[in-house]
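See below for the structure under consideration.
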Amino acid sequence: MQVLVVGAGVIGLAVARAAALRGHEVVVAEATGGIANGVSSRNSEVIHGGLYYPTGSSRARHCVRGRRMLYAFCASHGVGHRKCGKLVVATNEAELAKVETIRAQAQANGVENIEMIGGNAARAMESELSCIGALHSPETGIIDSHGFMMALWGELEERGGAIAFETSVERMSFKAPHWRVQFSGRDAGTLDFDAVVNAAGLGAQALARRIEDYPADKVPRLILAKGNYFGFAGRPAFSRLIYPTPVDGGLGVHVTLDLAGRMRFGPDVEWIKEEAYSIDPRRADSFYERIRAYWPGLPADSLVPDYCGIRPKLTGPGEPAADFMIAAEAAHGMPRLVNLFGIESPGLTSSLSIAEEVAGCLA
Ligand SMILES: Cc1cc2nc3c(=O)[nH]c(=O)nc-3n(C[C@H](O)[C@H](O)[C@H](O)COP(=O)(O)OP(=O)(O)OC[C@H]3O[C@@H](n4cnc5c(N)ncnc54)[C@H](O)[C@@H]3O)c2cc1C
């Protein structure tokens with residue numbers, strides 16, 4: 001089949017590679033001039049264990065399976081990564097109860113090697129930490145996400161696939177037996193495909209609305225939740241990822257590390273109406289307060305605005321977190337069309353597993 005994938009983020013690239021490995025002819029259309037210019041270059045680069053998500057949900061399933069696939073892929077393709085482990089810390093009795101709930105959830109999700117440890121054991125691992133107990137997840141790690149996406153792109157091209165950059169999908173319609181797709185930009189024109197995957201990230205809903213006859217009630221809301229990061233201008237205090245207990249809309253302001261050992265904090269949750277990537281430096285005030293709950297040694301004036309990413313959420317403040325929405329024919333009635341909505345965290349970790357599911361829907 002001739003397959004069109006819209007979007008060259010981590011999800012589009014993983015889907016394109018999976019489809020090419022199954023023998024399909026694959027073209028990726030990407031509106032910008034390069035890969036990973038959207039949500040995929042603005043995240044924590046954490047390979048998540050799969051601790052938090054409701055058992056049986058798409059997020060739990062794809063995160064745990066995707067993580068195992070991702071470590072294997074990194075090993076076989078020479079992609080930089082480090083299984084550094086993570087501590088979810090409790091600083092009071094109420095948080096300890098929450099962390100215990102996360103442990104039970106993680107166990108139900110089949111996450112390997114997790115254990116509850118006391119405050120002293122946590123401090124033996126990370127001497128600067130202040131907590132009364134923690135959940136240790138040794139399977140959690142960090143990845144060079146750009147290197148990962150370059151490897152996906154390389155394998156796509158090896159299998160004959162290609163990416164059309166600066167090329168946007170404007171609209172499409174199903175004219176049996178094909179999808180007729182109209183492009184604008186560098187490769188403007190109209191082409192026919194057997195199957196289409198909409199992996200347009202923050203643009204997925206807008207694109208779905210431009211599919212002729214696509215049921216309007218099957219396009220979910222798009223709610224934007226910005227996550228701001230602050231860099232730490234000093235020697236890293238931790239060698240593992242340190243997470244507080246989760247907050248509404250996110251996992252809490254946590255310690256993230258990159259492969260060069262640099263430490264930064266974030267992302268927080270800022271509900272916004274329109275895409276915007278500036279960081280208000282005053283948000284640092286709340287960062288100091290939240291970080292000092294588990295790292296009292298955080299020096300004054302050590303945080304500097306770094307970058308931010310926008311979560312493509314399907315639910316808003318106070319509402320239960322939505323699952324990934326992988327909408328194939330059974331969901332909307334249109335043949336060989338998969339729309340991917342709400343692929344926020346842990347989308348990077350889940351990408352190879354999501355790609356398997358999507359490629360399986362195309363036949
Ligand atoms: C703050 C934050 C932190 C995160 N941390 C983690 C983490 O640590 N671990 C983890 O596993 N996940 C994490 N995630 C989630 C992860 O980053 C995303 O799930 C993933 O990057 C989504 O990739 P995507 O390919 O769907 O979207 P994108 O990367 O946004 O790609 C979509 C692409 O589609 C293109 N496009 C849009 N419309 C069109 C069109 N009409 N025609 C052509 N092209 C189009 C865009 O230009 C873009 O390049 C985080 C997310 C955020 C926001």
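As the structure lists them, so they are numbered: ligands from 1, and atoms in each ligand from 1. Side chains are part of it too, since the values below use all heavy atoms of this structure and drop only hydrogens, waters and symmetry mates.
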Side chain or backbone, does I343 bring an N or O within less than 3.5 Å of an N or O on ligand 1? yes
Is there a side-chain contact between L4 and V197, using heavy atoms and a 4.5 Å cut-off? no
One pair to check against ring-ring contact (aromatic ring centres under 6.0 Å, His included): W179 and F174. What are the steps and the verdict? CA-CA 5 Å; W179 280 97; F174 186 67; 5.2 Å; yes
Could you say whether the N/O atoms of L348 and ligand 1 ever approach to under 3.5 Å? yes
Please write down residue, atom name and distance for the protein heavy atom closest to atom 52 (C) of ligand 1. R42 O, 3.8 Å
T256 to ligand 1, any heavy atom closer than 4.0 Å: no
With no hydrogens and no angle check, do the side chains of T256 and E45 hold a donor and an acceptor under 3.5 Å apart? no
Please determine if S168 has a nitrogen or oxygen closer than 3.5 Å to a nitrogen or oxygen of ligand 1. no
One pair to check against side chain to side chain donor-acceptor pair (under 3.5 Å): H62 and S353. What are the steps and the verdict? CA-CA 5 Å; H62 286 307; S353 178; 2.7 Å; yes
Atoms in ligand 1 flagged as close to E45, the criterion being non-hydrogen separation under 4.0 Å: 8 (O)
Residue, atom and distance of the protein heavy atom nearest atom 29 (O) of ligand 1 read S40 OG, 2.5 Å
Return yes if a side-chain donor-acceptor contact under 3.5 Å exists between Q2 and E25, otherwise no. yes
Are any of the N/O atoms on I310, whether in the backbone or the side chain, positioned under 3.5 angstrom from an N/O atom of ligand 1? no
What do the steps show when you test H332 against Y214 for ring-ring contact (aromatic ring centres under 6.0 Å, His included), and what is the final call? CA-CA 7 Å; H332 52 65; Y214 191 82; 5.1 Å; yes
So, regarding S44 and ligand 1 (criterion: nitrogen or oxygen to nitrogen or oxygen, under 3.5 Å), is there a contact or not? yes
Measure across V269 and A225 and return the closest heavy-atom pair with its distance rounded to 0.1 Å. CG1-CB, 4.3 Å
Provide the number and element of each atom of ligand 1 under 4.0 Å from a heavy atom of V10. 20 (C), 21 (O), 23 (O), 25 (O)
Measuring from the heavy atoms of R171, does anything fall under 4.0 Å of ligand 1? no
Is the closest N or O pair between A31 and ligand 1 shorter than 3.5 Å? yes
With side chain to side chain donor-acceptor pair (under 3.5 Å) as the criterion, how do R103 and Q107 come out once you've worked through the C-alpha distance, each side chain's angles and the decisive distance to 0.1 Å? CA-CA 6 Å; R103 185 203 58 78; Q107 210 150 31; 2.3 Å; yes
Quick one: which ligand 1 atoms are inside 4.0 Å of a heavy atom on A199? 32 (C), 34 (O)
According to a hydrophobic-cluster definition based on side-chain heavy atoms being under 4.5 Å apart (Ile, Leu, Val, Met, Phe, Trp, Tyr only), do I117 and V255 belong together? yes
Proximal atoms of ligand 1 relative to H48 (non-hydrogen, under 4.0 Å): 7 (C), 8 (O), 9 (N), 10 (C), 11 (O)
Using a plain distance cutoff, I'd like to know if T32 has any nitrogen or oxygen under 3.5 Å from a nitrogen or oxygen of ligand 1. no
A student checking ligand 1 against Y229 at a 4.0 Å heavy-atom cut-off should list atoms 1 (C), 2 (C), 3 (C)
Side chains of E30 and T167 only: does a donor on one sit below 3.5 Å from an acceptor on the other? no
Which atoms from ligand 1 have a heavy atom of V6 less than 4.0 Å away? 40 (C), 42 (N), 43 (C), 44 (N)
Ring center gap for F232 and W295 short of 6.0 angstrom: yes
Can you see whether R61 engages Y53 through a side-chain donor-acceptor pair at a distance of less than 3.5 angstrom? no
Do R180 and D192 meet the salt-bridge criterion of a basic N to acidic O distance under 4.0 Å? yes
Ligand-residue contact atoms, ligand 1 with G7, heavy atoms, under 4.0 Å: 33 (C), 34 (O), 35 (C)
Quick test: of every protein heavy atom, which one is nearest to atom 25 (O) of ligand 1, and how far off is it to 0.1 Å? I11 N, 3.1 Å
Please check if the side chain of R210 supplies one atom and the backbone of V169 the other of a donor-acceptor pair under 3.5 Å. yes
Could you tell me the residue and atom name of the protein heavy atom closest to atom 13 (C) of ligand 1, and the distance to it rounded to 0.1 Å? S345 OG, 3.5 Å
Contact atoms of ligand 1, heavy-atom distance to G347 under 4.0 Å: 11 (O), 12 (N), 15 (C), 19 (O)
Is it the side chain, the backbone, both or neither of V46 that has a heavy atom closer than 4.0 Å to ligand 1? both
Nearest-contact summary for atom 30 (O) of ligand 1 - protein heavy atom, Å: V39 N, 2.8 Å
Ligand 1 N/O within reach of T349 N/O, cut-off under 3.5 Å: yes
Top protein contact for atom 41 (N) of ligand 1, by heavy-atom distance: V169 O, 3.2 Å
If you scan protein heavy atoms around atom 4 (C) of ligand 1, the nearest is N43 CB, 3.1 Å
Measure the distance from atom 48 (C) of ligand 1 to every protein heavy atom, then report the residue, atom name and distance (to 0.1 Å) of the closest one. E30 OE1, 3.5 Å
What do you reckon, does T167 have a nitrogen or oxygen under 3.5 Å from a nitrogen or oxygen of ligand 1? no
Using distance alone, with no hydrogens and no angle criterion, decide if S137 and E139 have a side-chain donor and acceptor under 3.5 Å apart. no
Distance flag, aromatic centroids of F265 and F230, threshold under 6.0 Å: no
